Number of protein chains: 2
Amino acid sequence: MNKIDHTSWSRDAIAADLERAIHEHRLPPGTKLGEDDLAEAYGISRTIVRAALLALSHRHLVQLRRNRGAFVAQPTPREAREVFEARSLLEPRTAHSAALRMTEADLALLNENIRDEHAALDAGENGRALLLSGQFHLEVARIADQTTIEAVISELISRSSLIIALYWRRRAALCETQAHHALLDAFARKDGAAAEELMKNHLLDLVASLDLRNVAPPPASLREALQR
Amino acid sequence: MNKIDHTSWSRDAIAADLERAIHEHRLPPGTKLGEDDLAEAYGISRTIVRAALLALSHRHLVQLRRNRGAFVAQPTPREAREVFEARSLLEPRTAHSAALRMTEADLALLNENIRDEHAALDAGENGRALLLSGQFHLEVARIADQTTIEAVISELISRSSLIIALYWRRRAALCETQAHHALLDAFARKDGAAAEELMKNHLLDLVASLDLRNVAPPPASLREALQR
DNA sequence: CGGGACAGTATTGTATACAACTTTGTGCCC
DNA sequence: GGGCACAAAGTTGTATACAATACTGTCCCG
């Protein structure tokens, strides 16, 4: 693997870099993240890589298996349901708060985000579109000015990206940006109740677009499958 | 510091041990957690201590300051409000679900928990009582069978303990166990709506019992105070 | 030819050595 | 005596060496 150009990677920088790659589906669920590989790729020692992997494991993006290594997490159907259950408890009310606090600058930012997402979709950059879609939700939490809830939602969004990688059914990504457009309208009107309802339905639509029948997620490797 | 007897402490065991000590207020907010001290106390090298501290920092129980060390976190009044805001979004609905799924064994467990809490209070073991009070809330999430939400609540409860250490006003701890008793009644009746409402009010009471006027939390040390 | 034991290889787990930084103490100069 | 520069001590940050464990391939035996 080529060395990634960067003067000096910190633990957090590496964790963020990996999280982004996971979020964009460049590192699909089950991918092994070898310590030596990563250390060489980033040009540092395993010490920092280990710390970054530990950080990602606390966000449930990486599964650590003792003496076996780190793997990009593979949420089960149950975990997938739970993640969206949690999001539906947090995000609608957060959208409500955000609507009431919305400024012109915030609206412009969200609008730009939607535009970029469209552009990414048109260019066939699905990973980037997914990342931007997540950023939209995160931005809403930021606008609601709830740092703590924002941190929780941030993790849930990243996990949602893994869930989508495993269980996405429809290819119709249009509904995504449309829902965001509708939310933006409600935000522009500072209509908290409408934003709350739209967010709630948006999340329900997302879950509905998943195929969570009890098919086991693809194993990390053929070997893994044989061990069961 | 004396060496704590244990054949071999793992990273998670140390993190759990420290978290418990923080939860019970044996390690008050601002306490410096020196790596050498902990390594000697647990009879292991700094490597594992660092990993445990990193884990705790991800739960916002420990604040890591580069080149300065690890300190038991000192939530700001704002953070305190946000933590209870998050709890009030998650816990009432979770209590609702729990009520519908409640079994006799669950009821017995919760009942025992309340009894222990009473006993601890009578014995003047306030730290232990606080830990048990937190466990009650965590147990509810477990009964609701929502692992993901349970993990989030677990962190919020631990942080709440730090908040209470810093901002607790009333000494009247009676309301605590009374609220838990009322919840238990609703659970026994499998009355989800009542449980949801009781939990909501219980959390509101908790916030109301805090003094979150913008007094800065006590500094980690005299030195810290002078630096500002 | 199949299966199991075993050795070799590769990867992770832990401890430790050293570097970098912060803090603390001392002394000089004004 | 106050303040600044500098030196010393202590603590954290990072890399690396070694130990422990898991994986892979080979050989031997039935």
Side-chain angles (χ1 to χ4, degrees), chain A residues 1 3-18 27 30-58 61-73 219-228, chain B residues 1 3-18 27 30-58 61-73 219-228:
Chain A
M1 196 185 287
K3 183 167 165 180
I4 298 170
D5 186 28
H6 197 287
T7 47
S8 183
W9 289 82
S10 72
R11 157 172 56 81
D12 291 341
I14 290 178
D17 198 56
L18 287 174
L27 291 173
T31 305
K32 164 129 196 196
L33 301 171
E35 298 182 359
D36 279 327
D37 294 342
L38 292 174
E40 192 186 1
Y42 289 106
I44 53 171
S45 79
R46 280 172 49 217
T47 306
I48 301 180
V49 170
R50 279 179 76 84
L53 290 174
L54 187 58
L56 290 175
S57 81
H58 291 134
L61 299 181
V62 158
Q63 185 188 13
L64 296 182
R65 306 169 67 183
R66 184 166 179 97
N67 286 318
R68 299 203 181 164
F71 301 82
V72 177
S221 67
L222 292 176
R223 177 171 313 278
E224 300 287 324
L226 298 173
Q227 283 178 348
R228 290 166 199 166
Chain B
M1 198 184 284
K3 183 167 165 179
I4 298 170
D5 186 26
H6 197 286
T7 47
S8 183
W9 289 84
S10 72
R11 158 171 55 81
D12 291 339
I14 291 178
D17 198 56
L18 287 174
L27 290 172
T31 305
K32 163 131 196 192
L33 302 172
E35 297 182 0
D36 278 328
D37 294 340
L38 292 174
E40 192 186 359
Y42 289 105
I44 53 171
S45 78
R46 281 172 47 214
T47 306
I48 301 180
V49 169
R50 279 179 76 84
L53 290 173
L54 188 57
L56 290 175
S57 80
H58 291 135
L61 298 181
V62 158
Q63 185 189 15
L64 296 182
R65 306 169 67 182
R66 184 164 180 96
N67 287 318
R68 299 203 182 165
F71 301 82
V72 177
S221 67
L222 293 176
R223 178 172 312 279
E224 299 287 324
L226 297 174
Q227 282 179 348
R228 290 168 197 163

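Chain naming here is simple, since letters A, B, ... match the order of the sequence lines and numbering starts at 1 in each. The structure displayed is predicted, hence computed values, not measured ones. Every heavy atom of this structure was used, including side-chain atoms; hydrogens, water molecules and symmetry mates were not.
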| said: Nearest to the side chain of A:Glu35, heavy atoms from C-beta on, is which of C:dT12, D:dA22, D:dT12? | reply: C:dT12

| request: Nearest whole angstrom, please: distance from the P of D:dA20 to the CZ of A:Arg65. | output: 23 Å

| Would you say A:Leu53 and A:Leu38 make side-chain contact, with heavy atoms under 4.5 Å? | yes

| said: Rounded to whole Å, please give me the gap between CG in B:Leu53 and P in D:dT11. | reply: 15 Å

| query | Once you round it to whole Å, what is the distance between C1' of D:dG10 and CZ of B:Arg68? | reply | 15 Å

| note | Closest heavy-atom pair, B:Lys32 versus B:Arg68, reported as atoms and distance to 0.1 Å, is NZ-O, 3.0 Å

| said: Tell me the closest heavy-atom pair linking A:Ile14 and A:Ala52, and the distance in Å. | reply: CG2-CB, 3.8 Å

| Between D:dT12 (P) and A:Ile48 (CD1): distance, integer Å | 17 Å

| What is the distance from CD1 of B:Ile14 to P of C:dG13, rounded to the nearest Å? | 15 Å

| query | Counting only side-chain N and O atoms of B:Lys32, is one of them less than 4.0 Å from OP1 or OP2 of D:dG10? | reply | no

| request: Would you please classify the geometry between the A:Tyr42 ring and the A:Trp9 ring as parallel, tilted or perpendicular, with 30° and 60° separating the classes? | output: perpendicular

| message | Looking only at the side chain of B:Ser45 (C-beta and beyond, no hydrogens), which of the listed nucleotides C:dG13, C:dA15, C:dT11 gets closest? | response | C:dA15

| task | To the nearest Å, give me how far apart CZ (B:Arg50) and P (D:dT12) are. | result | 8 Å

| How long is the line joining CG of A:Asn67 and C1' of D:dT21, in whole Å? | 5 Å

| Shortest non-hydrogen contact from A:Ala39 to A:Ser45? | CB-C, 3.9 Å

| message | I'd like to know if B:Arg46 reaches the base of D:dG13 with its side chain, counting only an N/O donor and acceptor under 3.5 Å. | response | yes

| Looking only at N and O atoms, is any donor in the side chain of A:Arg11 or the base of D:dG13 less than 3.5 Å from an acceptor on the other one? | no

| field | Short side-chain N/O contact to C:dT14 OP1/OP2 from A:Arg66, under 4.0 Å | value | yes

| request: Would you kindly compare A:Thr47 and A:Gly69 by the position of their nearest DNA chain C nucleotide and give the one closer to the 5′ end? | output: A:Gly69

| task | Would you kindly give the OH-to-P distance between B:Tyr42 and C:dT14, to the nearest whole Å? | result | 16 Å

